[in-house]
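These notes concern the structure reproduced below.
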2 protein chains.
Amino acid sequence: MKSNLDNITPLENLSLVDKVEMRLKEYFKVNNLKIGDSIPKELEFAEALGVSRTVIREALLRLRTIGVIESKKRKGMVLTQPDIVQNFEKAIEYNLLGEEALIDIFELRLILEMGMADLLFARKTEEDIEDLDKIVSKQEKEENDTTFFSLKHEIAFHGKLYELSNNTTLKRFQDLLLPVFNYVHDNMPEGAKDFKYSKGEFVTHRDLLNILKNGDAQSFREAMRNHLEPHFDRILHIVKS
Amino acid sequence: MKSNLDNITPLENLSLVDKVEMRLKEYFKVNNLKIGDSIPKELEFAEALGVSRTVIREALLRLRTIGVIESKKRKGMVLTQPDIVQNFEKAIEYNLLGEEALIDIFELRLILEMGMADLLFARKTEEDIEDLDKIVSKQEKEENDTTFFSLKHEIAFHGKLYELSNNTTLKRFQDLLLPVFNYVHDNMPEGAKDFKYSKGEFVTHRDLLNILKNGDAQSFREAMRNHLEPHFDRILHIVKS
DNA sequence: TTTTGTATTATGTTATACATATAAAGATAT
DNA sequence: ATATCTTTATATGTATAACATAATACAAAA
């Protein structure tokens, strides 16, 4: 007789709260509840499901934590549109992300900047261009004065690009990715600023802006690729565990 | 006497749990706790902060929900690496995302696919190419047989691309974005399949694969842009509210 | 009509007791 | 001495009951 433990499944080890949460999710689905709809009060759920109010509260608290419901005293609880970025944000606040996750996120940001060219060209407005112009001009002036490279301008320019995309989720995403970006930037090895660009010259924010004015998405992409080359160069040579 | 309510600020309206959560976060920071470290038990926190165990539990539950801590009976609680994608995932499961958020996410996916070319070329292996080849061959065969366009192949191919990136976060991200992608795809207006490509011809998966074999990142980007043109075309003409 | 007080109600908080899983120590067998 | 089986202590999980608090509705007063 051959023993095979692959065919035997462990009996589910779910807590009551886990089960209640599943039931709640099912309840929302079956009743086709939408944003703004209110749900029964805790005691009613407790009675209906035959568990204590404590368990119901814990399950509901989970939902509140991920932003699916909101509760108000006396009024009860209503379904809300979850803020998908917010949870991300909270998790990051605790500074518990490992090296690998940080690298992943850093890469993610490079990917986003490379990929959003089409959106920029489709959504840009005259005002946006003017704003960008101001940002670039200010940078040029200050850098002339101080010969000091400031992350501030970096953030202002690239942040504005995300704004141009007119994609709220994307923009908020980058807001949240900024600290990570800074972290990796700060831990940059010495001499990284003397980076040798393969094409010989560096694409500046001014260059990018000009392309945004008169060029097309494709040339913007390649210019951005050059602009980000030092970062790409560093990242692409990291061997992940 | 002129009454002016601008100079009076509302006193903060935080719940006890809110405050406790802040204290906990501070506690982690001050003690410089890292992943794997264990934290005091509920009763100790309760006593130290002078609140009931319930409140502590609710605050800790929030942390557990976003994946910052894990708890085991008798053992206590330990800090864990938060799974940043998981929270995203949970929020989406409740089908409460509004039209605008869905569009944002759909755009995000297009951006990712456009932006990851460099990563693909830096990380691709012989095996990856072989796998992709199998996927494409299978698709070609089945489509010849049935003349039936299947999302299955679409998912297999593009999913594999994400895998190539060797970026776990990115890959998991697209896993989670798939349902949204399908949703938008399913709600595609009739006739979208007869889309007229601006350059006259359609870049197939086979074409992309060949570029991945012998070409470079830049040409891959432009090929991908063509491949995704119907999606871009649709998205870029949506006027957001 | 507007303001102010009052009752009501659902969530927020406290307290206490018990259930349950499990790590750790101790006992037993090999 | 090692392995396996019991026991025990313990921190989280669940239940119950009571009270606090804030927001709402509604009545009373100005």
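So that the names make sense, note that chain A is the first sequence line, chain B the second, and so on, each numbered from 1.
Note on B:Ser71: a side-chain N or O is less than 4.0 Å away from OP1 or OP2 of D:dG13. Residue A:Arg57 places no side-chain N or O under 4.0 Å from the OP1 or OP2 atom of C:dT14. Distances shorter than 4.0 Å separate none of the side-chain N or O atoms of A:Arg74 from OP1 or OP2 on C:dT8.
Note: CG (B:Leu14) to P (D:dT21) measures 16 Å, nearest angstrom. C:dT13 atom P lies 11 Å from atom CD1 of B:Ile56, rounded to whole Å. For B:Leu61 and D:dT12, the CG to P distance is 13 Å, given to the nearest whole Å. As rounded to whole Å, 16 Å separates atom P of C:dA10 from atom CD1 of A:Ile69. When the C1' atom of D:dT24 is taken as reference, atom NZ of A:Lys73 falls 14 Å away, rounded to whole Å. Here the C1' atom of nucleotide C:dA21 and the NZ atom of B:Lys75 are 13 Å apart, to the nearest Å. What separates CD of B:Glu70 from P of D:dA11 is a distance of 19 Å, to the nearest Å. D:dT24 atom C1' lies 17 Å from atom CE of A:Met77, rounded to whole Å.
When each of A:Lys72 and A:Thr54 is assigned the nucleotide of DNA chain C with its nearest heavy atom, A:Lys72 is the one assigned upstream, toward the 5' end.
Each of B:Leu161, B:Thr169, B:Thr168, B:Asn167 was compared with B:Ser165 under the side chain to side chain contact (heavy atoms under 4.5 Å, CB included) criterion, and only B:Asn167 meets it. Considering A:Glu42, A:Glu44, A:Glu58, A:Glu47 in turn, A:Glu42 is the only one that fulfils the salt bridge (charged side-chain N to carboxylate O under 4.0 Å, His left out) rule with A:Arg53. Just one residue in the list A:Lys124, A:Arg123, A:Met116 forms a side chain to side chain contact (heavy atoms under 4.5 Å, CB included) with A:Leu120, and that residue is A:Met116.
Sparse packing is recorded around CZ of A:Arg23, with 12 or fewer heavy atoms of other residues, nucleotides or ligands lying under 6.0 Å away.
Remark: the backbone N or O of B:Lys34 is paired with a side-chain donor or acceptor of B:Asp37 at under 3.5 angstrom.
The stretch residues 16-53 of chain A touches DNA chain C through A:Lys41, A:Glu42, A:Arg53, each having a heavy atom within less than 4.0 Å of the strand.
A:Tyr162 has its ring centre no less than 6.0 Å from the ring centre of A:Phe173. Checked against the 6.0 Å centroid criterion, the rings of A:His158 and A:His205 qualify as a close aromatic pair.
For B:Arg64, the side-chain atoms get nearest to D:dG13 when compared with the rest of D:dT14, D:dG13, C:dT14.
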